[in-house]
Amino acid sequence: RPVVTRPETQAIDMNSRSNTLADRDIVPSDLTFGFLGLGMMGSTIVKDLIYTGHKVVVWNRTIDKCQPFVEAGAEVKDTPMDVVEAADIIFCCVSDPKGAKDLVFGNCGVLQLKDLRNKAYVEMSTVDPDTSLDIGEGIKQCNGRYLEAQIHGSRQEAAEGMLIILAGGDRTVFEECHSCFKTIAKNTFFLGNVGNACKVNLILQTIQAVSLVGLAEALALADRFSISLNDIIDIFDLTSMKSPLLLAKGKEMAKGDFNPQQPLSHMQRDLRLVLNMAENLDQSMPVTSITNEVFKHTKRLGYSEHDSSAVFVRSRF
Ligand code: NA7
């Protein structure tokens, strides 16, 4: 069993800007935007929204994380419910479906406000279609509008404003979020009904997870032969198989640098959601099931908070 050190928690750099922002010609909406969840993704997004002139009200479970945003001009509230009261459109960006549901249905949650007329709620946390439908139903029953806006991309891509937004639900909300999406994403897609965007996002995550495990196993075999991993990656770069993702992840595996761009726990969460969806459809996904086992085992070895490329460590056993 390897000795595992936790990756360092990187403080958000409030002064960094993506190079692309200046070229985007963003005219900020004059609506007030609420933001629930200031983790790595949420912080990066909010920082850029403030920079491009959006009026933002924030809340985070661990209140200390709000301080840099107060200094940057955001308003902080004590509960999710208070954010909803103060904002026109509320984004949520937390770790998992359970957290996402807690913020809507829980104590001091969004629905405690009862009347959400003239409010809209946007779910950015990665969730499964059923969770998104439940949240959307709850919001609609209180007369609010709902959009799922799944964010596809790594923390690095978020920092560069190069996410892809996959949206489904109320089209008017989608349009009202235009200046926010333009700030954080290189492409934005409206995919129709609630649930569709979650499905597309999880399908993309499946491709990524399965590819990573294949890459890790192949590099582990090279390592057993004492073939230089850097040589393999250089040759791989010349083939038609190369992709920016696999090249970047291959280099991380060769260096043993698992700085979390897409945390392993998030990737395994996505595989779990995918397999639940497939189970309900009797859809056979044997490779994804094994991929999930590889991710689960790597988690048990202590790599939850590392990057997904840490599956390489397990493959070397
Ligand atoms: P992080 O950096 O792990 O941050 C997770 C955030 O979620 C952080 O603000 C947490 O609050 C918050 N969280 C987690 N569970 C809960 C519950 N139960 N209630 C309230 N808040 C909660 O993740 P990322 O920012 O990288 O990713 C966020 C989402 O974007 C994720 O779904 C990705 O797939 C896309 P804390 O600071 O720990 O108090």
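All ligand and atom numbering here is 1-based and tracks the order in the structure. Sequence positions, counted from 1, serve as the residue numbers for this chain. On a predicted model such as this, the values are computed, not experimentally measured, just so you know.
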Would you check if there is a donor-acceptor pair between the side chains of Ser132 and Glu123 at a distance under 3.5 Å? no
Are the side chain of Asn201 and the backbone of Gln150 linked by a donor-acceptor contact shorter than 3.5 Å? no
Any donor-acceptor pair under 3.5 Å linking the side chain of Asp88 with the backbone of Thr32? yes
Determine, for Lys55 against Asp30, whether the closest basic-nitrogen to carboxylate-oxygen distance falls under 4.0 angstrom. no
NZ or CZ of Arg171 within 45° of Phe190 ring axis and under 6.0 Å: yes
With hydrogens left out, which residues have an atom under 4.0 Å from ligand 1, given that only heavy atoms count? Gly37, Leu38, Gly39, Met40, Met41, Gly42, Trp59, Asn60, Arg61, Thr62, Lys65, Cys93, Val94, Ser95, Gly99, Asp102, Leu103, Ser125, Thr126, Ile151, Arg155, His266, Arg269
Just one of Ile90, Val104, Leu103 clears the side chain to side chain contact (heavy atoms under 4.5 Å, CB included) bar with Val84, so which one? Ile90
